[in-house]
Colleague: 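Sharing a structure below in structure tokens format, with a few things to ask.
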Amino acid sequence: MFDKIIGNDEIKNQLNDALKNGRISHAYIISGPDGAGKNLFAEDFAYGLVGKREGYTPDIVRLVHEKPRTITVSDIRSQVTGDAQIRPYDAEWKVYIIDDAQKMNEAAQNALLKTLEEPPQYVVILLLTTNPNVFLPTITSRCVSLSLRPVPDDDITKFLIDNYAIDPNKASVCASFSQGNVGKAVLLASSEDFAQIKSSACTLAKNARNMDASEFAQAIRQINDYHMDLSDYLDILTVWFRDVLRFKATQDANDLIFKDETMDVKKEAEKSSYAGIEEIISSIQRAGERLRANVNYDLTMELLLETIKENQK
């Protein structure tokens, strides 16, 4: 199992051992950012439990919810707690996969808790989440927690070359931009607009000090034209400033991700302090967290630009 997933070998081994030895828990939390492989792990584990490799089976149930930002108590009661009383159709186990489980409101979590407290012997619940900290302690204490770690750049590079026939140099750059997220690396490598996205990030990083808040916000929002998530684009900005920090420390261009931007990276390194660059990187990461938490976009961009200007001399 899990042979199509790269990285996170400890979790692969743990789940494979559980399948082999029959030591199955009734609930698991699989956490990690979007694109990290949560669904791949959940599906492989679910098919391993029901004894199938792929295809439809009624013994694997994926929760769906009508409200895009909320999983309600009604969703949980109708699709999990009520359905869990029905025995598996033709397998030993019945598996429930709840993606975006951080969207469960408190009432939904309390409804799920009733099943977690006294689960039918054949039920396994997989909670997939980008933020395990939102769960009630009573939920967390009844689950095995599996946190997906970033995949090394070299492994992602090889994966892109072997599976997507990506040019080695482009594969290496995409791996670096992905910050250990295989899904994000595939998205970048498969994008016909990769060069424009990269160029846009460079231009924004270099010119932010001369922009006002509305210009800055609009420039970042335009990334939607390339069908890229805003927080992913912010990660590319982070890589540019990390290059600046790396060059300031080493004066060596060989390790830069933006090798074709060496002169501009060098100029930025000369102008800014170590502490200033580190604060910019931290502010970009905070902006991404705020966006994921649905904080007002314009306010988030205004705060980010203010920090960049304060630390770009």
Side-chain angles (χ1 to χ4, degrees), residues 11 14-15 18-19 22-52 54-148 183 229 231 289 291-295:
I11 293 178
Q14 183 176 345
L15 294 178
L19 291 169
R23 299 194 183 116
I24 309 298
S25 296
H26 284 289
Y28 295 80
I29 294 172
I30 304 177
S31 62
D34 289 335
K38 298 185 296 294
N39 275 283
L40 290 175
F41 268 104
E43 288 175 359
D44 274 13
F45 189 49
Y47 281 118
L49 286 168
V50 303
K52 291 187 177 182
E54 56 185 22
Y56 171 75
T57 168
D59 296 326
I60 297 176
V61 179
R62 272 191 170 274
L63 183 137
V64 295
H65 52 102
E66 293 184 2
K67 295 183 178 180
R69 295 184 179 180
T70 307
I71 297 175
T72 66
V73 63
S74 177
D75 295 325
I76 294 297
R77 285 174 176 167
S78 64
Q79 299 177 59
V80 182
T81 58
D83 187 77
Q85 304 309 311
I86 303 172
R87 296 187 65 84
Y89 180 73
D90 62 0
E92 179 181 357
W93 298 96
K94 191 170 187 178
V95 186
Y96 294 86
I97 300 176
I98 304 178
D99 197 5
D100 291 326
Q102 72 278 358
K103 295 180 179 179
M104 286 190 295
N105 58 29
E106 186 170 343
Q109 291 191 46
N110 279 318
L112 181 65
L113 183 60
K114 294 179 180 179
T115 299
L116 294 180
E117 288 175 335
E118 297 181 3
Q121 63 180 10
Y122 49 80
V123 164
V124 174
I125 297 173
L126 307 179
L127 301 176
L128 317 186
T129 181
T130 57
N131 183 8
N133 298 320
V134 303
F135 296 140
L136 298 172
T138 46
I139 293 281
T140 305
S141 65
R142 288 169 170 80
C143 299
V144 173
S145 293
L146 305 173
S147 180
L148 301 185
D229 187 82
S231 61
E289 292 168 359
L291 290 178
R292 286 187 285 273
N294 296 315
V295 175

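Note that the structure is a prediction, hence the values are computed from the model and not measured.
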Colleague: What is the minimum heavy-atom distance between H65 and P68, and which atoms define it?
Modeller: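 Shortest heavy-atom contact: CE1-O, 3.6 Å.
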
Colleague: Does the pair D83/K94 count as a salt bridge with the N-to-O cut at 4.0 Å?
Modeller: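 Salt bridge between D83 and K94, a charged N being under 4.0 Å from a carboxylate O: yes.
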
Colleague: Would you name the heavy atoms of I71 and A108 that are closest together and state the gap between them?
Modeller: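 That would be O-CB, 3.3 Å.
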
Colleague: Which heavy atom in P33 sits nearest to a heavy atom in K38, and how many Å separate them?
Modeller: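 Closest pair (atom of P33, atom of K38, distance): O-NZ, 3.0 Å.
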
Colleague: Between I29 and P132, which heavy-atom pair has the shortest distance, and what is it?
Modeller: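 What the structure gives for the nearest pair is CG2-CB, 4.2 Å.
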
Colleague: Sub-3.5 Å donor-acceptor pair from the side chain of Q102 to the main-chain atoms of T130, do we have one?
Modeller: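 Side chain of Q102 to backbone of T130: a pair is present.
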
Colleague: Which value, rounded to the nearest 0.5 Å, describes the distance between L146 atom CG and L128 atom CG?
Modeller: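 Reported value, rounded in 0.5 Å steps: 10.5 Å.
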
Colleague: What heavy-atom pair brings L148 and G37 nearest, and what distance separates the two atoms?
Modeller: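 Of all heavy-atom pairs spanning L148 and G37, the closest is CD1-C, 3.8 Å.
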
Colleague: Can you tell if the side chain of Y47 reaches within under 4.5 Å of the side chain of T57, non-hydrogen atoms only?
Modeller: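 Contact flag for Y47/T57 side chains = yes.
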
Colleague: Examine distances only and state if a side-chain atom of Y96 and a backbone atom of L127 form a donor-acceptor pair shorter than 3.5 Å.
Modeller: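 No: the side chain of Y96 does not pair with the backbone of L127.
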
Colleague: Measure the spacing between CD1 of I98 and CG of L112 and express it to the nearest 0.5 Å.
Modeller: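 CG of L112 is found 5.0 Å from CD1 of I98.
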
Colleague: Take I24 and W93 through the test side chain to side chain contact (heavy atoms under 4.5 Å, CB included) and record every step on the way to the result.
Modeller: CA-CA 10 Å; I24 309 298; W93 298 96; 3.7 Å; yes

Colleague: Would the distance check show the side chain of S25 and the main-chain N or O of A27 forming a donor-acceptor pair, the cut-off being under 3.5 Å?
Modeller: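 No: the side chain of S25 does not pair with the backbone of A27.
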
Colleague: Find the distance between OG1 (T129) and CG (N131) and round it off to the nearest 0.5 Å.
Modeller: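 Atom-to-atom, T129:OG1 and N131:CG are 5.5 Å apart.
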
Colleague: Tell me whether D59 contacts the main-chain N or O of A91 through its side chain, where contact means a donor paired with an acceptor under 3.5 Å.
Modeller: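 Between the backbone of A91 and the side chain of D59 there is a qualifying donor-acceptor contact (under 3.5 Å).
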
Colleague: Working to the nearest 0.5 angstrom, can you tell me the gap between L63 CG and D75 CG?
Modeller: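 Reported value, rounded in 0.5 Å steps: 5.5 Å.
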
Colleague: Just wondering, are more than 12 heavy atoms of other shown residues or ligands nearer than 6.0 Å to CZ in R62?
Modeller: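 Counting neighbours around CZ of R62, more than 12 heavy atoms of other residues, nucleotides or ligands fall under 6.0 Å, so yes.
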
Colleague: So, Y28 side chain and V124 main chain: donor-acceptor pair closer than 3.5 Å or not?
Modeller: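 A pair under 3.5 Å: no.
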
Colleague: Around atom CD of E54, are there more than 12 heavy atoms from other residues, nucleotides or ligands closer than 6.0 Å?
Modeller: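 Atom CD in E54 is not crowded, with 12 or fewer foreign heavy atoms closer than 6.0 Å.
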
Colleague: Once you round to the nearest 0.5 Å, how far does CG of D99 lie from CG of N39?
Modeller: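 The distance works out to 4.5 Å.
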
Colleague: Check the pair R142, L113 against side chain to side chain contact (heavy atoms under 4.5 Å, CB included), reporting the backbone distance first and the verdict last.
Modeller: CA-CA 9 Å; R142 288 169 170 80; L113 183 60; 3.8 Å; yes

Colleague: Tell me the closest heavy-atom pair linking M104 and F135, and the distance in Å.
Modeller: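 So the two residues come closest at CE-CE2, 3.9 Å.
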
Colleague: Between I76 and K114, does the side chain to side chain contact (heavy atoms under 4.5 Å, CB included) criterion hold? Intermediate values first, please.
Modeller: CA-CA 11 Å; I76 294 297; K114 294 179 180 179; over 6 Å; no

Colleague: Which value, rounded to the nearest 0.5 Å, describes the distance between T138 atom OG1 and N110 atom CG?
Modeller: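 Reported value, rounded in 0.5 Å steps: 6.5 Å.
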
Colleague: Are E92 and Q121 packed together at the side-chain level, in the sense that at least one heavy-atom pair is separated by less than 4.5 angstrom?
Modeller: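 A side-chain contact is absent here, since even the closest heavy-atom pair is not under 4.5 Å.
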
